[in-house]
Amino acid sequence: MRQAQVEQQGRGRIEDRRTDFPALQQMIHGHSLVYLDSAASSQMPGSVIETIARYQRNDHANVHRGVHTLSHRATDAYEGARDKVRNFVNAASRSEVIFTSGTTESINLVAQSYCRPLLRAGDSVLISHLEHHSNIVPWQLLCEQTAAELRVVPIDEQGQLDMPALARMFDEKVRMVAVAHVSNALGTINPVREIIALARQRDVPVLLDGAQGVPHMAIDVQELDCDFYAFSGHKMYAPTGVGVLYGRESLLDAMPPYQGGGDMILEVSFTGTTYNELPYKFEAGTPNISGVIGLGAAIDYLQSIGMLAIARHEKALLAYLMDELQKISGIRLIGTAPHKASVQSFMLDNIHPHDLGTILDHQGIAIRTGHHCAMPVMQHFAVPGTARASLGLYNNRDDIDRLVAALHQAKQIFS
Amino acid sequence: MRQAQVEQQGRGRIEDRRTDFPALQQMIHGHSLVYLDSAASSQMPGSVIETIARYQRNDHANVHRGVHTLSHRATDAYEGARDKVRNFVNAASRSEVIFTSGTTESINLVAQSYCRPLLRAGDSVLISHLEHHSNIVPWQLLCEQTAAELRVVPIDEQGQLDMPALARMFDEKVRMVAVAHVSNALGTINPVREIIALARQRDVPVLLDGAQGVPHMAIDVQELDCDFYAFSGHKMYAPTGVGVLYGRESLLDAMPPYQGGGDMILEVSFTGTTYNELPYKFEAGTPNISGVIGLGAAIDYLQSIGMLAIARHEKALLAYLMDELQKISGIRLIGTAPHKASVQSFMLDNIHPHDLGTILDHQGIAIRTGHHCAMPVMQHFAVPGTARASLGLYNNRDDIDRLVAALHQAKQIFS
Amino acid sequence: MSAVHTHEADDLRELYRELILDHARSPRHFGKLDAATHTARGINPLCGDRLQLFLQLDQAERIAAASFEGSGCAISVASASLLTDSVIGMSATEALELFTAFTAQLCDQQDVAVVIPRLGKLQALSGVREFPARVKCATLAWHALESAISQRSATATTE
Amino acid sequence: MSAVHTHEADDLRELYRELILDHARSPRHFGKLDAATHTARGINPLCGDRLQLFLQLDQAERIAAASFEGSGCAISVASASLLTDSVIGMSATEALELFTAFTAQLCDQQDVAVVIPRLGKLQALSGVREFPARVKCATLAWHALESAISQRSATATTE
Ligand SMILES: Cc1ncc(COP(=O)(O)O)c(C=O)c1O
Ligand SMILES: Cc1ncc(COP(=O)(O)O)c(C=O)c1O
């Protein structure tokens, strides 16, 4: 009922939300900005920017450390944001919400603190071919350190995981599974429930790289039943430099700390140090306070619209984007899985993506070009890189029409 | 000559600089705020807050990754801040300036990437008794992981390192030295040149925890001849969540990466990954872009005043603070080394520091109370914690007079 | 402005009432309890307060004796002292109810406070409500009490 | 507004001149050079451009032959193609001077450009100056040239 109401409101207003974003009100090379690079970093609504500035002007102090008023205000705001995150992803407890500097650190934390003490030579870690480098390299480093094996689930021509191969590769050597919830290069939404069900049978934990999941759909970590869920603020309308590791309490409890420092200890002495309880055990040092508070403000903003409304809006827009792109002769869509989030990679004729990027930028259109930190995906599709348009809640059909027009111009230049 | 001019300007204006800081213009419990907690986190000048907000409103995008205008602007601003840091600490090259989330991460990075592959059972790491937990716990974790020994240089009753003991403890087993440049709990400025000279003889690298050094004096890492220098933005008028690891290029070059992820690679494939060159090898994932840009703005601000002017101002103020405190009957100063930065810990009668903190806060005076993340220092002085007043460039004699008056009031309440 | 000052000063006097200062200066039941059947430590990692609470429960699960050791600020010591004073003679269940009532009162959950009988001289700690940064000090011993009785964990923290 | 558009469109035409597009479509000296005496890779890790440059230096340190392989955008391929065209017949020292002049021109250090003789058809790449994000593409092959001649490193990057 309350959900439905929020949805209702969301539906009415989502097209107008782009005015909430100061960055989208500017001209680039004489054209109003069309921002189609939200999968790299989304823009921030004014409410997030202003919440951060207000904190910095009025309430800034170190957290957890002082009895004075500013310190108390800062701590309340910081811990309040943790409650918002807990609620946003429906973690069972606030102890399960660890603030990190981003998805990358979240994944490294799990690799080093959970896996490294556990892995024996010959054990293996299962990832997939469509991962972001942040969900590849930490595991490569770990496997080097432990002489474990990295197993890579292949993908098909549409950019989907080869699930039968995954099942075959999933033997008793596998001690950890780490896959993207949503691929940043291809948009593929992976069948994570199926993967988690398989892993449950073998009692192997699953980490989901949720960097591209959280911005596009309602996430419920308990319903997903994943063990770890990693995401970044800057893909969900908050600043860079802040992210979250959700972890199942029983696992986090058993893990040694990742970094040592202030705040993560109960008592320090040279004869022995006692670590603090969750979530502080994993938050060594002064955290990114304004980033965390900004993340909380972004969650407030997203919830005021409703994640279902956002998902619906983006789904319709993605369909329009794919349709319109396919009308262009010489286009090749890369990433054509039936289940996709609002990301579309493509090639146009034999124009190098980088040249496309420049020509589009000249029309005020920001897309991302290159390997999208997913070189193995590029190798799979035998391309040096792609052009990628990715959508946020603030995009509309007009943005896509502008993109398509500019692609026609690029064809002309290179004809 | 130019330095002298800057100094001159600085001298004339430093007393007025407090108006640059929005947070200092507020009332707390009906009194204008006296902020004496800069050693925990300093306040930010309006120019830093506004630079960040302006970036977020106009130029935000992911760095290093796009050809579009915003991405290019963000990258320029981010890399421009690196140049400012290089200049600020006089690193030989911008490759030696690694952005981290703070001092804590900088130290953990060195412990894990430099030391962990190197240390053998029985080797040892030398730290001191006056370190912040961030320069203790990473080494405790490392020593557990490698069966190495942690050696702790004792301190005397004034809070100074026992240098003869240090020399004695410095045998051929020592593979790493990590000491604070300035103690956060005691204010002691350690004889780091002497320590570095000793270490040079034995060819052992030295890490300086500069969290409390950088805000109070001009730092020249080449002149210091240290191997690593770690510091945090939020102690030098920039936001939390951003810090720096300066490292000597030859050492950084030889170190394996710390975290894996985007940006720190040249090429990723499942047959082998090549890491990026410095400094990117150590900057995995999307960094704290606005934090780094804020740090650059804070450096601009500090340089507009001049670090020598700041040091001179704070030195005079510290002398006044110590004099005035000592006039109070029942006061016990903790940390009385002749060479000190502008930090003063104390006890008053047998009033618990926490109660002092509350009474002072009620007068609008923010001090820090507790163990200051330096429990071994508290154990050394056999106190449960201290009250600590720490000074920034914006403090003046009036602040100290207010502090002293409030301490007299506390005595009354507890008489 | 002077009204503000007066009001603020009142808050401070409310916090540091004579009864509190008295218990802080001369804590009751201070020291180790050799006959203790239940014990737990309380640590506030952020300010360094640490104490250990001892309880002696008899066969009827009644608290025959209670004491505490440790160091802390006036609020945490007074609270521990008042706690021991209050719980001696109570059943374990009653003590847990008191824990609930006491912590609810400080966190301003009035509805709970209404249900529970008067807190007696523990009311002296109600001034802490105006000092949210100090609620953890006032509840530290109480969390240790709860840990000791339910023997969940050897160390309670109030972070 | 339309003035802006025209100006902007002009920039784009400056960047993608016919000569550039021609070299991008049909790069000269493309392929491996079996007789190479010097070689280096160039990688732009951020956009995925990668190429390998081959040089054959004779006894007099003169570049007898040059070629390149790899993939990249129009700018980096055209630049590599023009590079090979230009340096064949030069001494190693002359080629390094050209490297300096060329990179200086793109980074707008006019003083250097003045000192150095004309860049010839390499001037076709000067439109890149208006596209700072693309300077790395235009200089990728040149950094590889510098690495190959000075044999400092097997891989040049332009990050
Ligand atoms: C001397 C010293 N070292 C290290 C740190 C840790 O810095 P951060 O919490 O920013 O990582 C601090 C401050 O908290 C400090 O004062
Ligand atoms: C799927 C995916 N995983 C991981 C990351 C890394 O996130 P961050 O750079 O914020 O650590 C990203 C984005 O860059 C991503 O899209």
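Each chain gets a letter, A, B and so on, in the order the sequences are listed, and its residues count up from 1.
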Using a cut-off of under 4.5 Å on heavy-atom pairs, state which of B:L142, B:L150, B:V242, B:D37 scores highest against chain A. B:D37
Mind ranking B:G272, B:C373, B:P376 by heavy-atom pairs under 4.5 Å with chain A and telling me who comes out on top? B:P376
With chain B, which of A:V137, A:N62, A:V268 has the greatest number of heavy-atom pairs at distances under 4.5 Å? A:V268
For A:Y275, is it the side chain, the backbone, both, or neither that has a heavy atom closer than 4.5 Å to a heavy atom of chain B? side chain
Minimum-distance pair of heavy atoms, taken over all atoms of B:M375 and A:I265: CE-CD1, 4.1 Å
Relative to chain B, which segment of A:H60 carries a heavy atom at a distance below 4.5 Å: side chain, backbone, both, or neither? both
In terms of heavy-atom pairs under 4.5 Å with chain B, the winner among A:H129, A:E144, A:Q145, A:M264 is A:H129
Just so I understand: if I count every heavy-atom pair under 4.5 Å between each of A:S101, A:G357, A:S269 and chain B, which residue has the most? A:S269
Taking side chain as C-beta onward, heavy atoms only, is A:D263 less than 4.5 Å from A:E283? no
From the list A:L360, A:L141, A:L33, the residue making the most non-hydrogen contacts under 4.5 Å with chain B is A:L141
Residue, of B:A374, B:P239, B:P287, B:S38, that accumulates the most heavy atom pairs under 4.5 Å with chain A: B:P287
Hey, does the side chain of A:D209 reach the backbone of A:A178 with a donor-acceptor pair shorter than 3.5 angstrom? no
Backbone of B:T103 reached by a side-chain donor or acceptor of B:S232 within 3.5 Å: yes
From the list A:M44, A:Q26, A:H133, the residue making the most non-hydrogen contacts under 4.5 Å with chain B is A:H133
Do B:L126 and B:V153 make a side-chain contact, defined as non-hydrogen atoms from C-beta onward lying under 4.5 Å apart? yes
Check the angle between the aromatic planes of A:Y35 and B:H68 and answer parallel, tilted or perpendicular using the 30° and 60° thresholds. perpendicular
Is a salt bridge present between B:R57 and A:E50, judged by a nitrogen-to-oxygen distance below 4.0 Å? no
Donor-acceptor pair between A:S106 and A:T100 side chains, under 3.5 angstrom: yes
So, do B:V67 and A:D361 sit near enough that their side-chain heavy atoms are less than 4.5 Å apart? no
Most heavy-atom pairs under 4.5 Å with chain A, out of B:I49, B:V292, B:V48, belong to B:I49
Picking from A:H234, A:H72, A:Q25, which has the most non-hydrogen pairs under 4.5 angstrom with chain B? A:H234
Below 4.5 Å, heavy-atom pairs only: which of B:I28, B:I127, B:V63 has the largest tally toward chain A? B:I28
Residue among B:G285, B:S41, B:P117, B:G364 with most heavy-atom pairs under 4.5 Å to chain A: B:S41
Relative to chain A, which segment of B:R388 carries a heavy atom at a distance below 4.5 Å: side chain, backbone, both, or neither? neither
Can you say whether B:I136 sits under 4.5 Å from chain A via the side chain, the backbone, both, or neither, judging by heavy atoms? side chain
Any heavy-atom pair between the side chains of A:H362 and A:H31 that's under 4.5 Å? no
Is there side-chain contact between B:Y280 and B:L266, with at least one heavy-atom pair below 4.5 Å? no
Against chain B, label A:N108 side chain, backbone, both or neither, depending on which of its atoms sit under 4.5 Å from a heavy atom there. side chain
Side chain, backbone, both or neither: which part of A:E105 has a heavy atom under 4.5 Å from chain B? both
With only heavy atoms counted, which part of A:R116 is less than 4.5 Å from chain B, the side chain, the backbone, both or neither? side chain
With a 4.5 angstrom heavy-atom cut-off, is it the side chain or the backbone of A:Q259 that approaches chain B, or both, or neither? both
Could you check whether any side-chain heavy atom of A:S128 comes within less than 4.5 Å of a side-chain heavy atom of A:E131, counting everything from C-beta outward? yes
Atom pair CD1 (B:I367) and OG (A:S71), whose distance is rounded to the nearest 0.5 Å: 12.0 Å
Quick check on A:R151 against chain B: is it the side chain, the backbone, both or neither that has a heavy atom closer than 4.5 Å? neither
